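Working notes for the structure below.
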There are 2 protein chains.
Amino acid sequence: MVHLFSRHRPPSQGRGEDTRRRILETALQVFATEGYEGASTRQLAEHAGVNLPAIQYYFGSKEGLFRAVIESIIERTESHMAPLAVEVKAALADPTVPNATLLELLCSMLEAFVSLVTGGPHVEAKRQLFARSEVEDAPGLELLHESGKHHVFTPCRELVARMLRASPDDDQIELRTMALLGQVTIFCHKGAHEPGLTPERVQAIQGLVREHTLAIFQVLQSEASVH
Amino acid sequence: MVHLFSRHRPPSQGRGEDTRRRILETALQVFATEGYEGASTRQLAEHAGVNLPAIQYYFGSKEGLFRAVIESIIERTESHMAPLAVEVKAALADPTVPNATLLELLCSMLEAFVSLVTGGPHVEAKRQLFARSEVEDAPGLELLHESGKHHVFTPCRELVARMLRASPDDDQIELRTMALLGQVTIFCHKGAHEPGLTPERVQAIQGLVREHTLAIFQVLQSEASVH
DNA sequence: GACATAGTCTATCGGCCGATATAAATGCGT
DNA sequence: ACGCATTTATATCGGCCGATAGACTATGTC
């Protein structure tokens, strides 16, 4: 409660930075596998090789540590999606952009979404935490959920709306966009890591999501042009 | 531990049945909103209007109560999917069935899946628990996950494999089926209940999932026939 | 009315939780 | 070498957890 705005960053002058980062990174793993409530401070401390009060010292509280973990993921999400976000924004601002370009951008968004949750360091942990943000209720998870909405869902929804000549606030557009994104989010669930998400499988996922998306809008637009 | 096989059903001759059912039904709600670890026995007892030891008396333990809740959901899942499962099994056994019929069955499966997680009594709770089964780890959740796999995923995968003339064990078939089902499972997540899943929205979801699925296989099969 | 059984109650156990008080150690400028 | 701030360690607090012991009540049978 007290640390909502103070961020409780102790005035470390470089000496404790190592410890702080080690706690942060191991906490990502523990929170991902055990959940927020399931991970105990003793467990978190042990995995980081520090003693219990170090968590309060560096992050103020268990909740503070969790929020720090979430924020670090959000930062990486933003930087991962940023370049594409610029392209999408530009395309949406220009009313002359053809549907083919919009469709290609949508496919790229979905592809980037796949690589976001299946690539980079700490993939497994990120994937699990992202999945939890869609289900659990924990002190900072709504931030992660909102981040996904803002950086992935909203741009996709606007692309879909433009292609189908509808308002982005149209309920059907929203539902359709969710269905499209569901093709990706399901790979954050348990079933996805039984044989493991090898690079080949990731590439296969990206390929077939693209196939599906292209097929859907190919048919949807040809039907629309008939009417 | 002790009650793994005994199911700890006390020899109630009707008198305690009411209490037992009341605990079971309110527990469904509490477990759904709070999660397995998040729901305390005191909370469960209070919501059911009983005192604490009643849970041990009727279900042996908190875990026993949770397993009972899960099993009741699985039973309803089975009876909900059973009629369609028969049709699918018959179609798969007959090698002369045309693709159009298989595709129609796949659409029906997805439609039934939607109505499974968005209809019937205790919808919200069922939806949330189903979502949790894809993310959390709790004593009986793997049963629910397996049930979904057996009653929804596997039939769909076999239909997809047949339509695309591939083995059901083909990795790409599996991934493709997951993507299709993801269109539905995403509506079990948090975002789905902000404006609420009204009957109109449910119908809209069923309609567009059908549209998407038809479009995907229309294109996929026309491409296959070209080669 | 005595008794057995089923069901409900109060009180309490040991254990793990997050957090803190506080002491010990560490490194650094001087 | 000393003083001081930073960092790490020990010991412990109050609180909630799941589970149980055991007394009490209601009900149906003879």
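Fair warning: this is a prediction, and the values are worked out from it, not measured in the lab. The analysis underlying the following values was restricted to heavy atoms, covering all of them including side chains, and did not include hydrogens, waters or symmetry mates. We name chains A, B, ... by the order of the sequence lines, and we start the count at 1 in each one.
Comparing C:dT20, C:dT8, D:dA21 by their nearest atom to the side chain of A:Q56 picks out C:dT20. Here C:dT12 is the nucleotide among C:dA19, C:dT12, C:dG18 with the atom lying nearest to any side-chain atom of B:R42. Here D:dA19 is the nucleotide among C:dA19, D:dA19, D:dT20 with the atom lying nearest to any side-chain atom of B:T41.
Phosphate proximity of C:dC16 to A:S40: absent, as no side-chain N or O sits under 4.0 Å from OP1 or OP2. Contact annotation: A:T19 side-chain N/O to D:dT8 OP1/OP2 distance is under 4.0 Å.
Whole-Å rounding puts the A:L44 CG to C:dC17 C1' distance at 12 Å. The OH atom of B:Y58 sits 17 Å away from the P atom of D:dT20 (whole-angstrom rounding). Rounded to whole angstrom, the span from the CD atom of B:E63 across to the C1' atom of D:dC17 amounts to 16 Å. Taking atom OH on B:Y57 and atom C1' on D:dC24, their separation rounds to 14 Å, with Å as the unit. B:E37 places its CD atom 10 Å from the P atom of D:dG18, with the value rounded to the nearest Å. As a whole-Å value, the separation of A:Q43 CD from C:dC17 P is 8 Å. Across the protein-nucleic acid pair, B:L65 atom CG and D:dA19 atom P stand 10 Å apart, rounded to whole Å. Summarising the geometry, the separation between CZ on B:F31 and C1' on D:dG18 is reported as 12 Å, rounded to the nearest angstrom.
Residues B:A54 and A:Y36 both approach DNA chain C. Their nearest nucleotides, taken by heavy-atom distance, put B:A54 toward the 5′ side.
B:S133 places no side-chain N or O within 3.5 Å of a backbone atom of B:L141 that could act as its donor or acceptor partner.
When heavy atoms are screened at a 4.0 angstrom cut-off, B:A39 is found touching the sugar-phosphate backbone but no base atom. Within the nucleic acid shown, A:L52 comes within 4.0 Å of at least one base atom, counting heavy atoms only.
A cation-pi arrangement is absent between B:K62 and B:F31, since the terminal nitrogen or guanidinium carbon is not both under 6.0 Å from the aromatic centre and inside a 45° cone about the axis.
Inspection of the A:E63 and A:S61 side chains reveals no N or O donor paired with an N or O acceptor under 3.5 Å. Between the side chains of B:H212 and B:Q183, a donor-acceptor pair is found at a separation under 3.5 Å.
Contact check on A:E158 versus A:R162 returns no salt bridge, with no Lys/Arg side-chain nitrogen under 4.0 Å from an Asp/Glu carboxylate oxygen.
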